[in-house]
Amino acid sequence: MEVRAGILLIILGTALVTFIPRVLPLMILTRFELPEWATRWLSFVPISVMAALVGQELLMNDGEVALTTNTVEILAALPTFLVAIKTKSLLATVVVGILSLMALRFIFL
């Protein structure tokens, strides 16, 4: 298999652009002791991002708020949310979410 120089440069460039924003802050922040308020604030970032992604997927359709088009997904999100709160286990949450959605799609669709 032959790789052209242009394609190789594109692959290396995208790898660099992906690598730098992830590694550079990590390298810089490991040299400093963050204040307690900053550490606490940063601990909420992953859950905030996940909530924004899931909320947008559940509540929006084609860029508009649409609660009626994603009924099965919203119903599947309820037991998933409860399991996430109770167990705080990513694996259990994902398994319950997949099984809930699968069962509801089998019943309603």
**Study point:** Minimum-distance pair of heavy atoms, taken over all atoms of P79 and L75
**Key:** CD-O, 3.0 Å

Review point. Taking a hydrophobic cluster as the set of Ile, Leu, Val, Met, Phe, Trp and Tyr residues connected by side-chain heavy atoms closer than 4.5 Å, whether directly or through intermediates, do L34 and I28 fall within one such cluster?
Key: no

Exercise for review: Taking atom CE of M60 as the centre, report whether more than 12 heavy atoms of other residues, nucleotides or ligands fall under 6.0 Å from it.
Suggested key: yes

Practice item. State the CG-CG distance between L29 and L24, to the nearest 0.5 angstrom. Key: 9.5 Å

Check your understanding: Do the side chains of L91 and M102 join up, straight or via other hydrophobic residues, at under 4.5 Å, putting them in one cluster?
Key -> yes

Review point. Can you name the closest pair of heavy atoms from A77 and L58 and give their distance?
Key: CB-CD1, 3.6 Å

Exercise for review: Verify the cluster assignment for F19 and L12: are they in a single hydrophobic cluster under the rule of side-chain heavy atoms below 4.5 Å apart?
Suggested key: no

Review point. Could you give the distance from CD (E73) to CG (L78), rounded to the nearest 0.5 Å?
Key: 12.0 Å

Check your understanding: Should I98 and V94 be marked as a side-chain contact (heavy atoms from CB on, under 4.5 Å) after you check the CA-CA gap, both sets of side-chain angles, and the distance that decides it?
Key -> CA-CA 6 Å; I98 290 172; V94 170; 3.7 Å; yes

Review point. Which heavy-atom pair separates L42 from P46 by the least distance, and what is that distance?
Key: O-CD, 3.6 Å

Check your understanding: Looking at A92 and T87, what are the two nearest heavy atoms and their distance?
Key -> CB-OG1, 4.0 Å

Exercise for review: For S100 and T80, work out which heavy atoms get closest and say how close.
Suggested key: OG-OG1, 4.4 Å

**Study point:** Between CG on residue L90 and CE on residue M50, distance to nearest 0.5 Å
**Key:** 7.0 Å

Practice item. Start with the C-alpha gap between L59 and I74, add the side-chain angles, then the distance that decides, and say whether side-chain contact (heavy atoms from CB on, under 4.5 Å) holds. Key: CA-CA 8 Å; L59 304 175; I74 291 172; 4.3 Å; yes

Review point. Under 4.5 Å between side-chain heavy atoms, hopping through other hydrophobics if needed: is there a path connecting V17 to I20?
Key: no

